[in-house]
Amino acid sequence: TEIYTLSLHDALPISQIGFTEQGFLADVRESLAQQQLLIPVEAAFQIPGPYVSALVASDAEERAVSYFKLSSAALPAVAPPSNTTLETYLRAHAAQFSTPEYRDVTFAWIAPDDVKDQVSVTPEQIRQQYEANLSKYNQPEQRDLEQLSFGSQADAAAARKKIDSGTSFEQVAASLGKKPSDISIGTLTQKDLPDARGPASFALAEGGVTAPVQTAFGWYLLHVTKITAGKSTTLEQATADIQKTLLAQTESAKIADMMNAAQDTLGTGAEIQEVAAKSGMKYAHIAAIDRSGLGPDGKPVQAPNDDQFRSEVFKAEVGEYGDPEQSKSGLAFVIKVNGVTPPKLKSLSDVRDAVLAAWTKEHQSELLREKAMTLAGSIHDPKSLATAAQAIGAAPMQSPALRRDTSDATFSPAFVRSAFEALPGGTAVGPSGDGASYLVAVVTGIRHGGLSSNPSLTQLARERASGQIGTDLTQAFAQAAKGRQGIVVHPDVVNRVVGGENS
């Protein structure tokens, strides 16, 4: 059952924020009804074993290809395009050749480094912190232990005799039907074993096995697999770290007080400059800043170098004050966006060299693709591949074992996908991993993987595949419901609201 929580601002009744009790209960009922439909599909969906085997075999499949590289050197020189062609290309790639969006922003801010001279920590505070965390600074010896339990002293003694004769502790455990996970009792201190097992096991060297030990619950043998020595840190040794921690906490508290003061001042309708003055923050105004923190001259502006700060600047609506925010770096800030300068397409005269380089690269890539496809049409086995390679002055090469997720400087995901879509002995074409050439290949070998004979691994594969397909079904169901109800999602609007890539 989904647990509902409601955040109440300033303890207002829910009726004052537009949420009635009846509305809340209706939402709960609707959510429970959805879960009753969807959860059984995802949780209980099971696919047949042969289907699991096919999926695993496909995922583990490996292929080998014989291939050669087709580079731009094998093509005739590209004729310079006309200004009209470049102008058309420029407009078709406006985002690539436009100035960025700039924002005029006024803000107050404060960083931890700005308040470090305003805080201090006394020796008494350091001592109190040390004493409150003695367990951290005085760590006892720990041991990784395994144990076997027995119903009688005789049984325990017989097992110990086997160990003395050369049988390992794990082998004795296996003979009793125990797995490694059954006999491990974890990493413990002596205090964690208050009965006779503690002194017995902590008297041994690493790798040692105790004599039979009796407790109120029976007889035991314990095996020490690892020893971690204890550690004791004096107050003097810990002082530097404690001081650093306490200073950071004090700085954080100082900044929190400033943020509260800023919030109170904003509530009076004050401008950002007054907010900064009354809260102790710093004030600044930047006429133009882009998403990277650069100005129109391409140089960094005098603003905090903080990704979250810049993100909030570009999420904010013009003219609205944001609440005081704090980033992961500890920077606290309040912003007001005064205006926006939208992106502007640059003139061809200003970016001609960049446009020409981009057009040439794209044109060469398309010519390479067309040439590669033409060559692939004449290839049907390694011998014809060698002939095609020789015709352009290339040498055939043999790939290593390729998997579906192979991706490196030679084999791009697009080429690998083509290789796995081809029939045995078929051809594959795709760009190289570094994008400098095209690969033309013929599939020379296929090796299928399979499920392990381990039943637990088989079940794990079935559960994962069933869960994934169950999730796909519920998503398809939800998408179909959206279609029937005429729901349309506008990604650009969503991005603007949540601050996505294209906001």
Side-chain angles (χ1 to χ4, degrees), residues 5 7 9-10 100-121 241-268 270-341 343 491-503:
T5 59
S7 176
H9 300 285
D10 299 326
E101 176 184 320
Y102 291 104
R103 293 203 162 196
D104 181 316
V105 60
T106 302
F107 58 97
W109 91 104
I110 197 77
D113 282 349
D114 298 320
V115 300
K116 65 181 179 181
D117 293 335
Q118 303 175 34
V119 299
S120 61
V121 176
D241 285 341
I242 294 176
Q243 184 179 41
K244 181 179 179 181
T245 299
L246 290 178
L247 283 172
Q249 293 173 351
T250 308
E251 290 167 2
S252 180
K254 181 77 173 178
I255 290 176
D257 289 342
M258 291 181 171
M259 291 178 69
N260 289 333
Q263 182 71 72
D264 292 342
T265 308
L266 279 172
T268 67
E271 293 290 337
I272 292 288
Q273 193 164 6
E274 184 179 352
V275 169
K278 290 189 174 181
S279 66
M281 291 182 170
K282 298 189 289 185
Y283 166 81
H285 169 245
I286 297 176
I289 180 176
D290 71 8
R291 294 178 186 275
S292 300
L294 305 178
D297 60 358
K299 297 179 180 179
V301 298
Q302 295 299 311
N305 185 19
D306 186 280
D307 290 339
Q308 191 170 336
F309 168 79
R310 290 191 292 269
S311 175
E312 292 299 325
V313 168
F314 277 82
K315 283 167 58 176
E317 296 291 337
V318 175
E320 292 185 1
Y321 289 92
D323 290 330
E325 302 259 3
Q326 189 165 24
S327 71
K328 293 180 180 178
S329 69
L331 174 77
F333 55 90
V334 184
I335 62 173
K336 178 188 177 184
V337 174
N338 306 307
V340 176
T341 301
D492 55 334
V493 177
V494 174
N495 285 331
R496 284 201 299 271
V497 172
V498 303
E501 290 292 333
N502 299 320
S503 62

Without placing hydrogens or testing angles, list every side-chain donor-acceptor pair under 3.5 Å for residues 249-261, not counting sequence neighbours.
{"residue": "T250", "atom": "OG1", "partner": "L246", "partner atom": "O", "Å": "2.7"}
{"residue": "N260", "atom": "ND2", "partner": "A256", "partner atom": "O", "Å": "3.3"}

Give, for atom CG of L247 and atom NZ of K116, the distance between the pair rounded to the nearest 0.5 Å.
-> 10.5 Å
After noting the C-alpha distance and the side-chain angles of Y321 and K336, does the key distance pass the side chain to side chain contact (heavy atoms under 4.5 Å, CB included) rule?
-> CA-CA 5 Å; Y321 289 92; K336 178 188 177 184; 3.6 Å; yes
Might you point out which heavy atoms bring I110 and G280 nearest each other, and give the distance in Å?
-> CD1-O, 4.0 Å
From N305 atom CG to L331 atom CG, the distance as rounded to the nearest 0.5 Å | 10.0 Å
Let me see the working for T106 and E271 under side chain to side chain contact (heavy atoms under 4.5 Å, CB included), right down to the final yes or no.
-> CA-CA 9 Å; T106 302; E271 293 290 337; over 6 Å; no
D307 bridged to R310 by N-O distance under 4.0 Å = yes
Stepwise, does the side chain to side chain contact (heavy atoms under 4.5 Å, CB included) test hold for D323 with Q263?
-> CA-CA 7 Å; D323 290 330; Q263 182 71 72; 3.8 Å; yes
Sorted by chain and number, sequence neighbours left out, salt bridge (Lys or Arg N to Asp or Glu O under 4.0 Å) with K282 holds for D114
If you look at every heavy atom in F107 and I272, which pair is closest and at what distance?
-> C-CG2, 3.5 Å
Would you indicate whether Q118, at its atom CD, is surrounded by more than 12 heavy atoms from other residues, nucleotides or ligands within a distance under 6.0 Å?
-> yes
Side chains of L266 and P324 in contact at under 4.5 Å (non-hydrogen atoms) | yes
State the OH-CG distance between Y102 and L294, to the nearest 0.5 angstrom.
-> 7.5 Å
Side chain to side chain contact (heavy atoms under 4.5 Å, CB included) with E312: which of V105, V337, I335?
-> I335
